[in-house]
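The chains referred to below are lettered A, B, ... by the order of the sequence lines, with proteins before strands, and numbering in each begins at 1.
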There are 2 protein chains.
Amino acid sequence: MQLLLEKVESQILASGGKRSRSRSAVIAQFFRCGRHVSVEELTRLVKKRSPAVGSVTVYRTMKLLLRLGYVNEVDFGEGVTRYESNMSSHHDHLVCKSCGVVTEFIDSRIEELQSEVAHKHEFRPLTHRLDIYGYCRKCDSERDVPEMSV
Amino acid sequence: MQLLLEKVESQILASGGKRSRSRSAVIAQFFRCGRHVSVEELTRLVKKRSPAVGSVTVYRTMKLLLRLGYVNEVDFGEGVTRYESNMSSHHDHLVCKSCGVVTEFIDSRIEELQSEVAHKHEFRPLTHRLDIYGYCRKCDSERDVPEMSV
DNA sequence: CTTGATCATGAAATTCATTTTCATGATAGC
DNA sequence: GCTATCATGAAAATGAATTTCATGATCAAG
């Protein structure tokens with residue numbers, strides 16, 4: 001973790017940037033907390049330890065990590081951008097519409113079929129996004145009570 | 001087409017709404033033009049025939065069609081919401097990062113594997129979104145000339 | 001066909017996430 | 001320590017989408 005932070009900072013140095021307290025705090029907090037954080041959530045967490053850090057710096061730091069390739073931007077249609085670490089390999093998402101919990105998965109058969117479909121359409125695939133929306137087990141069981149249909 | 005418009009309007013009537021020139025113009029234009037239109041694009045098209053119609057009405061009309069189940073909102077990470085007709089059945093997207101052309105596809109094997117993965121995670125899937133980003137054949141061949149890497 | 005209640009409209013104002021501006025503070029390298 | 005350059009936070013700006021509000025259109029009932 002400390003090693004990771006140093007690696008990121010040295011890469012910032014190498015690309016013409018400088019070290020800074022606020023930035024280190026944001027980066028460390030990001031890698032410390034779970035995945036799929038929004039800027040607002042991350043700002044709140046950072047402010048606990050470093051109250052002076054504003055959300056603008058968090059925005060800027062996440063864009064910096066994006067440029068350096070350490071994070072991905074993800075968007076589950078909530079109107080906010082979320083960030084996930086790019087350290088782990090590619091994966092897809094199961095998003096619970098009730099509690100918001102995001103589970104990651106990867107299925108090589110799906111990946112292969114995607115390539116196949118793309119090439120069938122003479123399309124060169126670079127990236128993709130597969131998000132499945134529904135209810136996790138916990139929220140699904142809580143919904144057992146039938147609702148008035150619309 | 002005319003039948004579709006009448007069907008939509010009668011459903012609006014049934015749900016307590018009223019008929020209006022502007023609204024008909026927006027709805028007709030939406031079904032007339034291709035898929036995956038943004039509000040800005042649609043407004044521009046509507047204004048050609050009905051210059052008085054403002055974008056607010058287009059926004060409102062698309063939300064209305066969404067409530068009535070005639071359209072889906074899609075988002076390809078451009079910062080704008082696009083609308084597609086919900087008349088055709090579910091499909092996924094191949095999005096060209098160069099020219100923006102969107103090709104639809106459906107692969108039942110991928111659909112099945114998605115259900116399988118979801119259930120393996122005790123997750124009840126409701127909807128999903130699979131967008132593959134890359135280059136269509138035309139844009140890919142134009143990119144053959146190597147570029148300066150960044 | 002007139003009336004009256006209700007819905008729809010456009011312009012302007014508002015919201016909200018994100019980005020930019022700008023004056024000031026911190027850092028690296030000499 | 002100096003100095004050029006980068007980073008910062010507050011406030012302003014942006015841009016998509018929504019709401020407000022006064023006015024116009026539409027429908028159903030007389």
For a quick test of reading the model: is some side-chain N or O of [X] closer than 4.0 Å to OP1 or OP2 of [N]?
X: A:Ser20; N: D:dT8; answer: yes
X: A:Tyr59; N: C:dT18; answer: yes
X: B:Arg60; N: D:dT18; answer: no
X: A:Lys63; N: C:dT19; answer: yes
X: A:Thr81; N: C:dA17; answer: no
X: A:Arg19; N: C:dA28; answer: yes

Whole angstrom value for the distance that separates [atom2] of [N] from [atom1] of [X]:
X: A:Arg67; N: C:dT19; atom1: CZ; atom2: P; value: 11 Å
X: B:Leu42; N: D:dA16; atom1: CG; atom2: C1'; value: 15 Å
X: A:Lys18; N: C:dG25; atom1: NZ; atom2: P; value: 16 Å
X: B:Arg23; N: D:dG24; atom1: CZ; atom2: P; value: 19 Å
X: A:Glu78; N: C:dT18; atom1: CD; atom2: C1'; value: 16 Å
X: A:Glu40; N: C:dC16; atom1: CD; atom2: C1'; value: 11 Å
X: B:Glu73; N: D:dA17; atom1: CD; atom2: C1'; value: 10 Å
X: A:Ile12; N: D:dT8; atom1: CD1; atom2: P; value: 9 Å

Has A:Lys48 got more than 12 heavy atoms of other residues, nucleotides or ligands less than 6.0 Å from its NZ?
no

Looking at A:Thr61, A:Val46, A:Val58, which hits side chain to side chain contact (heavy atoms under 4.5 Å, CB included) with A:Gln29?
A:Val46

Among D:dA4, C:dT9, D:dC27, which nucleotide sits nearest the side chain of B:Ser22?
C:dT9

5' precedence on DNA chain D between A:Gly17 and B:Leu13 (nearest-nucleotide basis)
A:Gly17

Comparing A:Val56 and B:Gly79 on DNA chain D - which has the more 5′ nearest nucleotide:
A:Val56

Does A:Arg82 or A:Arg21 map to a spot on DNA chain C nearer the 5' end, using the closest nucleotide for each?
A:Arg82

Charged N to carboxylate O below 4.0 Å: is that the case for A:Glu9 and A:Arg19?
yes

Would you call A:Glu116 and B:Arg109 a salt bridge, taking side-chain N to carboxylate O under 4.0 Å as the test?
yes

For a 4.5 angstrom cut-off between non-hydrogen side-chain atoms, does B:Glu142 reach B:Tyr135?
no

